[in-house]
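Encoded as structure tokens, the structure appears first; notes follow it.
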Amino acid sequence: MKKRLPLILTGLMAAWFLCTLRAPKENDFAYAEFGSLPIVFNGRVQPIDSLARNSLLQLREKQTANLEPWKGWNEKPKIIPAIEWLANVMMKPDAADEWPVFRVDHPELTALLKLPEKDKQNRQDGKHYSWNQIQPSLEAMDRESKRIGSREQRKETDPSQRTPYENAVMKMHERLVLYMRLKNALQPQDAGDWAQELGEFESAIPAGVAAVRAQQAGQKYDEAAFGKFVGFVRRFDVMRRFEPPLLVPPRHQEVSRDDWMRVGDALIGVARGETIPPSVRYYAAMASAFREGKADDFNQKVAEYRAALASNFARELAKAGRELFFNRMQPFYNAMVIYVLAGILARASWFALSDLLRRSAVWLIGLALVIHTCGLVMRMVLEGRPPVTNLYSSAIFIGWGACVLGLVLERFYKDGIGAVVSSGVGFVTLIIAHHLALGGDTMEMMRAVLDTNFWPWCLHSYLECGEGQKSGADGLWHRLLRHVVQLCRHRARWHLGGPIVGPVLGLGPEGKRRAHHRALERAHPAPALGRDDP
């Protein structure tokens, strides 16, 4: 029995990991189906679930929303998934505004925003606050962020010279702007029954356009129709100026399937004579059903919208579904947990002088490495690019290479040192990657040069493997990749002016697509925080 302990322990951890792949059971609203709908944000197609997870990571540094943070874990606080939180932000913002999802750690920032201190009786943990608690101090927040930003624009200082307080202010400003973007992504933030309001807007268009034309021509016009129509247009202009995600797919995908739009832009186009896109109607029906608590109607509209997208946007739906599975899988978090357990066993084997514990640690590291590798491969499939594209993927790739080297050393020496190195480096690099993920979308690539496939991968893999492996095996990977990079440089010079120049400069099809999406997302400057009028 003892001899089978490594196999049994590894099997148990593998079973635990496989259990995490199951979709959560939903009794009312189909949040998972809603989260699998494709949108465009940060220059790429992604599911709404990714937007929810990345946004919540930026706001409170976790992928779940704790609605009762003043309670201890043993008091079972109410915790909801990111997609449920985002659904409320988009479609029922008056409820989401009450939830304490903004993390505030710096005491001076807490004082600036006039936030309450820790007090369990008043349901305050001293770290997490709601939008409604922060909103009264938005003017002071806006002044501070403008002071810091204008000083850096004048080149008097740069971001690296900020004090901890100034870093906290700018980070909070980014979080508040992101929250406003999400609130204005699907409907105006002050909308009630959005489907009904959309119908009222559509019926007001003929009289409103006629009144606007008469007013511009200096003729007598219907003031009521004019005011109603202009009021709608102003609300839609506020929506788009916050630069929310692009939810509306192109009307004619045969011309360009990359021309996604914001809901606000699509509605302003309706005021100019275009028809309301079907996706806007579907989202409006979802919002009204969600606000009224009609789960069956909401689920039906989600299913109908997915069916409508399937005929023309099957590729985007498939990609969103794969990324949703990747999000649920959480390979790097789960691998990190197993690395920790393996590290404990490897160190315990030194004190107990037990080869059984050492072998158990090696088997667990092998399982963690398999999960780690699956995560890397899935990221490559989702991005359509090799593993190293940004700092986040660099940390993951370095840890993967170090773990492989540690297992190779353990295979020859069998003294636990390789296992300790593998588990330790794997854990540390994944922790670093987690903190890098707090900055936003981890699948958004660096600009220009990294909008390519082959040459940047060779270059950055060469650098990262050189860092991770230069101290072991006489730098074998270092020398090998150096020759590969030299070969790639030679090929790039040989084909100068040919088809390789576009990818190297970030002008390949994928680079153009992402650049096009970024241009669409940055078409309008965001208004000052706290202002609703254009």
Side-chain angles (χ1 to χ4, degrees), residues 24 29-65 80-93 96 99 101-102 131 174-187 189 239-240 242-249 258 260-266 279-280 282-283 286-287 290 298 302 305-306 309 313 316-330 379 382-383 390 392 436-445 514 517-518 520-522 526:
F29 291 96
Y31 290 112
E33 290 296 314
F34 176 71
S36 67
L37 297 177
I39 60 170
V40 169
F41 195 53
N42 286 331
R44 69 182 189 89
V45 175
Q46 59 182 284
I48 296 180
D49 182 77
S50 291
L51 174 66
R53 291 171 181 265
N54 294 330
S55 299
L56 204 51
L57 266 177
Q58 291 178 260
L59 264 58
R60 73 177 304 266
E61 301 179 5
K62 291 185 179 179
Q63 291 189 0
T64 54
I80 62 174
I83 185 59
E84 182 177 348
W85 164 79
L86 182 61
N88 279 273
V89 172
M90 284 182 166
M91 297 179 284
K92 200 176 179 181
W99 294 346
V101 296
F102 291 91
W131 169 265
E174 293 173 1
R175 291 173 176 176
L176 295 172
V177 170
L178 173 61
Y179 190 76
M180 291 299 296
R181 285 174 175 169
L182 299 179
K183 288 178 66 174
N184 288 275
L186 191 148
Q187 62 181 15
Q189 59 183 337
M239 286 180 65
R240 67 172 185 167
F242 276 108
E243 303 179 27
L246 282 63
L247 273 63
V248 183
D258 298 330
W260 289 63
M261 300 176 64
R262 298 186 179 94
V263 172
D265 286 319
S279 57
V280 175
Y282 280 118
Y283 278 123
M286 292 179 209
F290 187 85
F298 175 83
V302 172
Y305 182 44
R306 284 185 58 85
L309 288 176
F313 296 94
E316 287 78 2
L317 272 174
K319 182 182 184 300
R322 290 193 298 268
E323 188 166 335
L324 178 65
F325 177 78
F326 176 80
N327 293 341
R328 189 184 304 133
M329 179 182 179
Q330 298 188 85
R379 279 182 60 89
L382 291 172
E383 290 186 293
N390 53 28
Y392 175 87
L436 290 172
L438 301 181
D441 188 6
T442 61
M443 292 191 188
E444 184 186 20
M445 289 170 292
R514 291 180 181 245
H517 286 159
R518 293 189 188 107
L520 290 175
E521 291 174 327
R522 293 170 174 80

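Since we're looking at a predicted model, the values are computed, not measured. Side chains included, hydrogens not; waters and symmetry mates left out as well; all remaining heavy atoms used.
By the side chain to side chain donor-acceptor pair (under 3.5 Å) test, Tyr179 is found to be paired with Asp97, residues two or more places apart in sequence or in another chain being considered. In this view, Asn54 and Gln46, Ser50, Asp441 satisfy the side chain to side chain contact (heavy atoms under 4.5 Å, CB included) rule, not counting sequence neighbours. Applying the side chain to side chain contact (heavy atoms under 4.5 Å, CB included) rule to Ala185 yields the partners Met90, Pro244, Pro245, Leu247; only residues at least two apart in sequence or on another chain are considered. Under the salt bridge (charged side-chain N to carboxylate O under 4.0 Å, His left out) criterion, Glu174 pairs with no residue, sequence neighbours left out. Remark: Ala32 pairs with Glu26 by the side chain to side chain contact (heavy atoms under 4.5 Å, CB included) rule, at least two apart or across chains. For Glu316, the side chain to side chain donor-acceptor pair (under 3.5 Å) test picks out Arg257, with sequence neighbours left out. In this view, Glu84 satisfies the salt bridge (charged side-chain N to carboxylate O under 4.0 Å, His left out) rule with no residue, not counting sequence neighbours. Remark: Arg60 engages no residue in a salt bridge (charged side-chain N to carboxylate O under 4.0 Å, His left out) (not counting sequence neighbours). Partners of Phe290 according to the ring pair (Phe, Tyr, Trp, His ring centres under 6.0 Å) rule, which considers only residues two or more places apart in sequence or in another chain, are Phe29, Phe298. With sequence neighbours left out, the side chain to side chain donor-acceptor pair (under 3.5 Å) criterion links Asp49 to Arg53, Asn327. Every residue two or more places apart in sequence or in another chain that forms a side chain to side chain contact (heavy atoms under 4.5 Å, CB included) with Pro249 is listed here: Trp260, Ser279, Tyr305, Leu309, Phe313.
Once rounded to the nearest 0.5 Å, the distance linking CG of Asn88 with NZ of Lys183 reads 12.5 Å. We find the OG-CG distance between Ser55 and Leu178 to be 4.5 Å, quoted to the nearest 0.5 Å. Separation of atoms CZ (Arg306) and CZ (Phe34) is listed at 12.5 Å; rounding is to 0.5 Å. With rounding to the nearest 0.5 angstrom, the CD atom of Gln187 is 12.5 Å from the OH atom of Tyr283. Note that CD of Glu243 and CZ of Arg181 are 5.0 Å apart. Values are rounded to the nearest 0.5 Å. The structure places CG of Leu186 at 7.5 Å from CD1 of Ile48, a figure rounded to the nearest 0.5 Å.
Between Tyr282 and Leu37, the closest side-chain pair of non-hydrogen atoms is not below 4.5 Å. Val302 has its side chain within reach of Met286: a pair of non-hydrogen atoms, C-beta onward, lies under 4.5 Å apart. Using a 4.5 Å heavy-atom cutoff, the side chains of Leu51 and Leu182 are in contact. Looking at Leu56 and Lys62, their side chains never come closer than 4.5 Å, going by heavy atoms from C-beta outward. Contact of the Trp99 side chain with the Val89 side chain is not registered, since no non-hydrogen atoms from C-beta on lie closer than 4.5 Å.
Residues Leu324 and Ser36 share a closest heavy-atom pair of CD2-CB, 3.6 Å. Between Val101 and Ala65 the shortest heavy-atom distance is CG1-CB, 4.3 Å. Here the shortest heavy-atom pairing between Ala82 and Ala52 reads O-CB, 3.5 Å.
Put simply, the side chain of Lys319 gets close to the backbone of Val45: a donor and an acceptor are under 3.5 Å apart.
Applying the side-chain hydrogen bond (donor to acceptor under 3.5 Å, both in side chains) test between Glu323 and each of Arg328, Arg44, Arg379 identifies Arg44 as the sole match.
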Yes or no on side chain to side chain contact (heavy atoms under 4.5 Å, CB included) for Leu59 and Trp85, after CA distance, side-chain angles and deciding distance? CA-CA 12 Å; Leu59 264 58; Trp85 164 79; 3.7 Å; yes

